[in-house]
Participant: 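Starting off with a structure, shown below.
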Amino acid sequence: MPELPEVESLAAFLREHAVGRAIARIDVAAISSLKTYDPPITALNGLTITGVARYGKFLDLDVDGIHLLIHLSRAGWLRWKDALPPAPPRPGKGPLAVRVHLDDGSGFDLTEAGTQKRLAVYVVRDPAEVPGVRSLGPDPLGADFTVETLRGILDGRRTQIKGLLRDQSVIAGIGNAYSDEVLHVARMSPFKLAASFTDEDVTTLYDAIVRTLGEAVERSRGVAAKDLKGEKKEGLRVHGRAGQKCPVCGDTIKEVSFADSALQYCPTCQTGGKPLADRRMSRLLK
């Protein structure tokens, strides 16, 4: 799933390549991806893209005051093309969800792999009209995200820190991959309860969040949209690397599986050398 660093990099890419260009037309190949109807998506035709912003994992294209918001969900992606085919795509064929044509012949495709179609496109007058944007927590790279902000978030919550970091209403933009990376940098167990954090723990976690996300954004700066996925994978230390050696201590990275996701961690760096229980395997063995 694209998370804050990748979405920020896509926003930067669009600022460079799309701002100042007018939208010629938008083809909707997967009607299920379009979540709003007023204004209609055709209202964007002929209007100029004046800015691009990011809200958590949402991309926001300001099109002369009307906002085209995009959430790529788990398997979505934005694919830029210097020259798009002029013929409209056939609806329901392949991974294409939406195609945005610009006035110079360039543009981008919004695509989604797999069968679970969750990519979402909204056309609204105000980004806050989108429930997912309206409910977002603070942005971890924003000036208003401080140690005190994080302390207030964690205080009294009897929730495992892994899940809390992924909750978009608590902190915006962190998903499964970067929550693993943050906790590895912080040398913390993903099962550690938020309510148990000391002041030192809060500061350590805050520094790990800002450092991990900031470094990921810097690595992605200037990378073409088509290469961002590969850059992300290359830069991860523990996520998606179960069975490999930890780059810090050399221990074997382990995994805990859930119904629809998995987390990776280093026992030596994060859990005092003790492996965490794999909930899915425990159920299978009963």
Participant: For the residue pair A172 and L136, what are the closest heavy atoms and their distance?
Facilitator: CB-CD2, 3.9 Å
Participant: Is the backbone N or O of P88 less than 3.5 Å from a side-chain atom of D27, with the two atoms forming a donor-acceptor pair by type?
Facilitator: no
Participant: Given R21, which partner from the list T48, D104, V100 fulfils the side chain to side chain contact (heavy atoms under 4.5 Å, CB included) test?
Facilitator: D104
Participant: Is a side-chain donor or acceptor of E112 paired with a backbone partner of L96 at a separation under 3.5 angstrom?
Facilitator: no
Participant: Show the nearest heavy-atom pair for residues L119 and L110, with the distance to one decimal.
Facilitator: CD1-CB, 4.2 Å
Participant: According to ring-ring contact (aromatic ring centres under 6.0 Å, His included), who are the partners of H71, at least two apart in sequence or on a separate chain?
Facilitator: F58
Participant: Can you tell if the side chain of V238 reaches within under 4.5 Å of the side chain of L183, non-hydrogen atoms only?
Facilitator: no
Participant: Would you say V210 and I174 are hydrophobically clustered, going by side-chain heavy atoms of ILVMFWY under 4.5 Å?
Facilitator: yes
Participant: What's the verdict on salt bridge (charged side-chain N to carboxylate O under 4.0 Å, His left out) for E181 and R241, showing C-alpha distance, side-chain angles and the deciding distance?
Facilitator: CA-CA 11 Å; E181 297 297 297; R241 300 190 181 277; over 6 Å; no
Participant: Report yes or no: does E3 contribute a side-chain atom to a donor-acceptor pair with the main-chain N or O of A177 at less than 3.5 Å?
Facilitator: yes
Participant: Nearest 0.5 angstrom please: K162 NZ to D167 CG, how far?
Facilitator: 13.0 Å
Participant: With D139, which residues qualify under side-chain contact (heavy atoms from CB on, under 4.5 Å), at least two apart?
Facilitator: L4, R54, L141
Participant: Counting distance only, does the side-chain N/O of D60 pair as donor-acceptor with the main-chain N or O of L69 below 3.5 Å?
Facilitator: no
Participant: What pair of heavy atoms forms the shortest contact from I66 to P39, and how long is it?
Facilitator: CG2-CG, 4.4 Å
Participant: Is there a side-chain contact between R151 and V147 in this structure, where contact means two heavy atoms from C-beta onward sitting under 4.5 Å apart?
Facilitator: yes
Participant: What's the shortest heavy-atom distance between E6 and L228, and which atoms?
Facilitator: O-CD1, 4.0 Å
Participant: Say you draw a straight line from CD1 of I49 to CG of L44; how long is it, rounded to the nearest 0.5 Å?
Facilitator: 9.0 Å
Participant: List for me each residue that meets ring-ring contact (aromatic ring centres under 6.0 Å, His included) alongside Y206, sequence neighbours excluded, and say none if there are none.
Facilitator: F145
Participant: Is there a donor-acceptor contact under 3.5 Å from the side chain of T212 to the main chain of Y178?
Facilitator: no
Participant: Could you state whether L263 and V185 fall into the same hydrophobic cluster, counting links through intermediate Ile, Leu, Val, Met, Phe, Trp or Tyr residues with side-chain heavy atoms under 4.5 angstrom apart?
Facilitator: no
Participant: Could you grab the distance from atom NZ of K254 to atom OG1 of T268, nearest 0.5 Å is fine?
Facilitator: 9.5 Å
Participant: Should I161 and L150 be regarded as members of a common hydrophobic cluster, given that ILVMFWY residues are connected when their side-chain heavy atoms come within less than 4.5 Å of each other, either directly or indirectly?
Facilitator: yes
Participant: Out of curiosity, L205 CG to L165 CG, how far, rounded to the nearest 0.5 Å?
Facilitator: 5.5 Å
Participant: Determine whether H184 and C246 make a side-chain contact, defined as any pair of heavy atoms from C-beta on separated by less than 4.5 Å.
Facilitator: yes
Participant: Report yes or no: does S196 contribute a side-chain atom to a donor-acceptor pair with the main-chain N or O of L193 at less than 3.5 Å?
Facilitator: yes
Participant: Any side-chain heavy atom of V133 within less than 4.5 Å of one from Y122?
Facilitator: no
Participant: Taking ring-ring contact (aromatic ring centres under 6.0 Å, His included) as the definition, give me every residue that meets it alongside F197, ordered by chain and number, with sequence neighbours left out.
Facilitator: none
Participant: Does a sphere of radius 6.0 Å around CZ in R134 hold more than 12 heavy atoms from other residues, nucleotides or ligands, not counting ones at 6.0 Å or beyond?
Facilitator: yes
Participant: From L61 CG over to L47 CG, what is the distance, rounded to the nearest 0.5 angstrom?
Facilitator: 12.5 Å
Participant: Give me the atom names and distance for the closest heavy-atom approach of L154 to V202.
Facilitator: CD1-CG2, 4.0 Å
Participant: Taking the side chain as every heavy atom from C-beta outward, state whether L213 and P5 have any atom pair closer than 4.5 Å.
Facilitator: yes
Participant: Q160 side chain to A194 main-chain N or O, any donor-acceptor pair under 3.5 Å?
Facilitator: no
Participant: Are P275 and Y265 side-chain neighbours, meaning at least one heavy-atom pair lies under 4.5 Å?
Facilitator: yes
Participant: Do S261 and R166 come within less than 4.5 Å of each other through their side chains, counting heavy atoms only?
Facilitator: yes
Participant: Determine which pairs satisfy side-chain hydrogen bond (donor to acceptor under 3.5 Å, both in side chains) with at least one residue from residues 33-45, sequence neighbours left out, and list them in order.
Facilitator: D38-R125
Participant: Where do R99 and P85 come nearest, in terms of heavy atoms and distance?
Facilitator: NH1-CG, 3.4 Å
Participant: Any side-chain heavy atom of P190 sitting closer than 4.5 Å to one from L276?
Facilitator: yes
Participant: Sequence neighbours excluded, which residues qualify as side-chain contact (heavy atoms from CB on, under 4.5 Å) partners of D207?
Facilitator: T203
Participant: Drop me the distance from I70's CD1 to L14's CG, to the nearest 0.5 angstrom.
Facilitator: 7.5 Å
Participant: Using only atom types and a distance under 3.5 Å, with no angle test, would you say the side chain of E218 pairs donor to acceptor with the backbone of G214?
Facilitator: no
Participant: Determine whether a donor-acceptor pair (N or O, by modelled atom type, separation under 3.5 Å) exists between the side chain of R157 and the backbone of I153.
Facilitator: yes
Participant: Run D109 and R79 through salt bridge (charged side-chain N to carboxylate O under 4.0 Å, His left out) and show every step you take.
Facilitator: CA-CA 5 Å; D109 288 345; R79 302 179 186 277; over 6 Å; no
Participant: Between Q264 and A242, is there a donor-acceptor pair closer than 3.5 Å when you use the side chain of the first and the backbone of the second?
Facilitator: no
Participant: Could you tell me whether the side chains of T198 and D201 share a donor-acceptor contact shorter than 3.5 Å?
Facilitator: yes
